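Order of the sequence lines fixes the chain letters, A, B, ..., with proteins taken first and strands second; residue numbering starts at 1 for each chain. Treat the numbers as computed from the prediction; the structure is a model and nothing was measured.
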Amino acid sequence: MRIALVSFAHVHAQSYARVLTELEKDGIAEMCAVCDDDSRRLALARERFESKKLYSDIEELARDPDVDAAIVTSENTKRAGLAISLLNAGKHVLAEKPISSKVPDAVRMVQLASENGLTLGTAFPMRHHDAPQSMKRVLSDLGGIRSISSANPGRFPGLWFADPGASGGGAIMDHTVHVADLARWFSGREFSEVYALRGRSVAGEGSGEGSGLVLCKLEDDTPVSVDCSWSRLAGWPTWGNVFVSACAEKGAAVLSAFNENLWTVVQGSYKWSYYGPDADKKMILDFVRAVEKHSQALATGTDGLRALEVVAAAYESIKRQRPVKISEIRGSGSY
Amino acid sequence: MERLAVGLIGCGTLSSYAHGPALRKLERMYEFRAIADIDPITLNAFSKRFGVDRKYTDYKEMISSEDLDIAIVATPTPTHEEIGLYVLNHGVNLFMEKPFALTLEGARNMIEASERQGRALQVGHCVRFWPGYVQIKEQMSNGDYGEPLLAKAHRWGTMPAPLWYRDPAQSNGVGLDVAIHDLDYLRWLIGEPKSVYAQGRFEGKLPMTVQAVLEFEGDAIAYIDASWDFPPSWRFATFFEIIGTKGMAQMDSRESTTLEVYTGHTSSASSPREDDAYTRQLAAFWEPARGGKPVLPATDSYKSLELALALNKSLNGAGRVELKREIAQ
């Protein structure tokens, strides 16, 4: 299977490129092309992947018959446009999270994939990390989930993440979806209502919020909280973590997914060096197998859309200073 | 040092792990003179354990028979107002366990009685004396973190055993009983909030888990998570995090235990210390009880009760609650 990597804008593209190189060595998939609308990034890709086809125009890539599928790791606001071009041309797509910055665009992506019989996956690597997978099994034996408290604190990623024109928001857009998706996946229930607060902008007026506190209810009123803040300051020994604590009828499970670290001092600075599971690799392998079997990825486009609805409801709640129902987001057709 | 005579009303779990040991450590300040509990079994067990011979099943009898300087009240919340007023009106300084009272009126009545009688009144907001929390407050005051932007507080435990906690009319649930600790601390650390929104998990009408977010004057927002929903094997845990414009701090009780003990099939982990928060908060009452300046004024604790009741209002369906600035009296 031949996979194109579309855009090195998102920081996760580096890890996915690494995985594709490994899969190529294993003979499982081939990274056949790179597409980037940024000439500087494309030049870097030319140095690094000299044997690969390079495109600056997504439509040209979409017309390339040698491409079976693409991983889209662009800026958030460009993702839907790129994905829609690819889906229109019959390419399978794994979309970086959030699946898009706007709900109607995500709806369009899901519709197109379905109409064209294509696999559309959302890059939710936490579903492929061994600890949350184990937690899902554990929770299925503990009776109904009563409450979930979660956090995905991280560093402010800089770059275009500070520009809402490219990112579609701030920390809420960037970090709500991983843990919101886990809550949905663990519980098997949909979100119904969201109330949110935003923290101060990170890079001056007009930049996205630096932190977010998102209180959600599932359809049976189960409370789910999400801290999506860029709250790991420079000097913190690692990028962040994913925490989910779930209380259920017969017990509780507490996840700290990125706790497997060496505590190191390298060149005089204290850092955590991660040696935990390679969730990105498992995620891309799952996508490859889904495409080969004409089936769905573990995290589908619809899963990406449902998580994005929480983000949209959070921003709407901040604007209106009241809880917002997911049905309002669907009803309005935009946010 | 003048030793003040102390009587303890309510000899249950809290008194056994907090006030009893604290009074034994503070013998240079306090004479642990007498105890009262309506349940003779509880009373006798406590008397034996802490070596206090003068014991009463009627607290009123203790107040009139013993010449007490201080009464510590650690009884179920719905009895706070009646017992607290009795203590103060008999000229005895009052150390009242948190939550201050079930209602604002109850708290107001006790504040008025303390002023009328010229007696000290302190509420047991022990987190303000908890070493790690105190250090965060100090570093915040030093400007180490810059302006506060985000605070988070977890307080996760199991349902307390006494049955009155299970009655929403008597305990008001985990919001009033547990989240009030972090509400009080956040007021001290950051200032007065301007809005609160809460959601939770209920057992019948009893709040068992509370998730709340607050907005403060300035740019700070905060998250509070208090729960009784953890299973019996869970070890009580607290977490606190503060992010500011210049720095941050994080504290996790699960990551800071200093002693683990394993005996057969059970184990424990704790961070024992001579000057624990319960000891510090009672030591801080000695000066006010002798007529000195209050370390933690009851009017301040009144505002924390007010905030906890606003949180409960939101929790019970009021949505976002805007908080008016009110003077306690």
- Query: Would you say the ring centroid of B:F240 lies under 6.0 angstrom from that of B:Y185?
  - Reply: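 Aromatic pair counts; centres sit under 6.0 Å.
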- Is the ring centre of A:F258 less than 6.0 Å from the ring centre of A:H129?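 Here the rings of A:H129 and A:F258 have centres that are less than 6.0 Å from each other.
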- Under 4.5 Å, counting heavy-atom pairs only, tell me which of B:G200, B:G319, B:S195 racks up the most with chain A.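 When all of B:G200, B:G319, B:S195 are compared, B:G200 has the most.
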- Counting heavy-atom pairs under 4.5 Å to chain A, which of B:W156, B:F202, B:W234 comes out on top?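 Looking at each option in turn, the highest pair count goes to B:W156.
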Is [X] close to chain B through its backbone or its side chain, or both, or neither, when contacts mean heavy atoms under 4.5 Å?
| X | answer |
| --- | --- |
| A:I148 | backbone |
| A:V254 | side chain |
| A:Q321 | both |
| A:S225 | both |

- Message: Which residue in the set B:T238, B:D182, B:D177 passes side-chain hydrogen bond (donor to acceptor under 3.5 Å, both in side chains) when paired with B:R155?
- Response: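 Among B:T238, B:D182, B:D177, the one meeting side-chain hydrogen bond (donor to acceptor under 3.5 Å, both in side chains) with B:R155 is B:D182.
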Which portion of [X] sits near chain A, non-hydrogen atoms under 4.5 angstrom:
| X | result |
| --- | --- |
| B:D225 | side chain |
| B:S233 | neither |
| B:A220 | neither |

- Winner by heavy-atom pair count (cut-off under 4.5 Å) against chain B, out of A:A234, A:G210, A:S147, A:A196: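 Going by pairs under 4.5 Å, I would pick A:S147.
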- Top of A:K217, A:E249, A:R322 for chain B proximity - count of heavy-atom pairs under 4.5 angstrom: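 The residue among A:K217, A:E249, A:R322 with the greatest pair count is A:K217.
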- Once you round to the nearest 0.5 Å, how far does CD of B:E241 lie from OG of A:S229?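 Output value for this atom pair is 8.0 Å.
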- Taking side chain to side chain donor-acceptor pair (under 3.5 Å) as the test, write out the residues that go with B:R235, two or more places apart.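 B:R235 satisfies side chain to side chain donor-acceptor pair (under 3.5 Å) with no other residue.
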- Message: Ring-plane angle category for A:W263 and A:Y270, please: parallel below 30°, perpendicular beyond 60°, tilted otherwise.
- Response: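 The rings of A:W263 and A:Y270 stand perpendicular, inter-plane angle above 60°.
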- Yes or no on side chain to side chain donor-acceptor pair (under 3.5 Å) for A:S167 and A:N76, after CA distance, side-chain angles and deciding distance? CA-CA 5 Å; A:S167 66; A:N76 297 339; 5.3 Å; no
- Item | Minimal non-hydrogen separation, A:Y315 against A:M173, with atom names |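 Minimum heavy-atom separation between A:Y315 and A:M173: OH-N, 3.1 Å.
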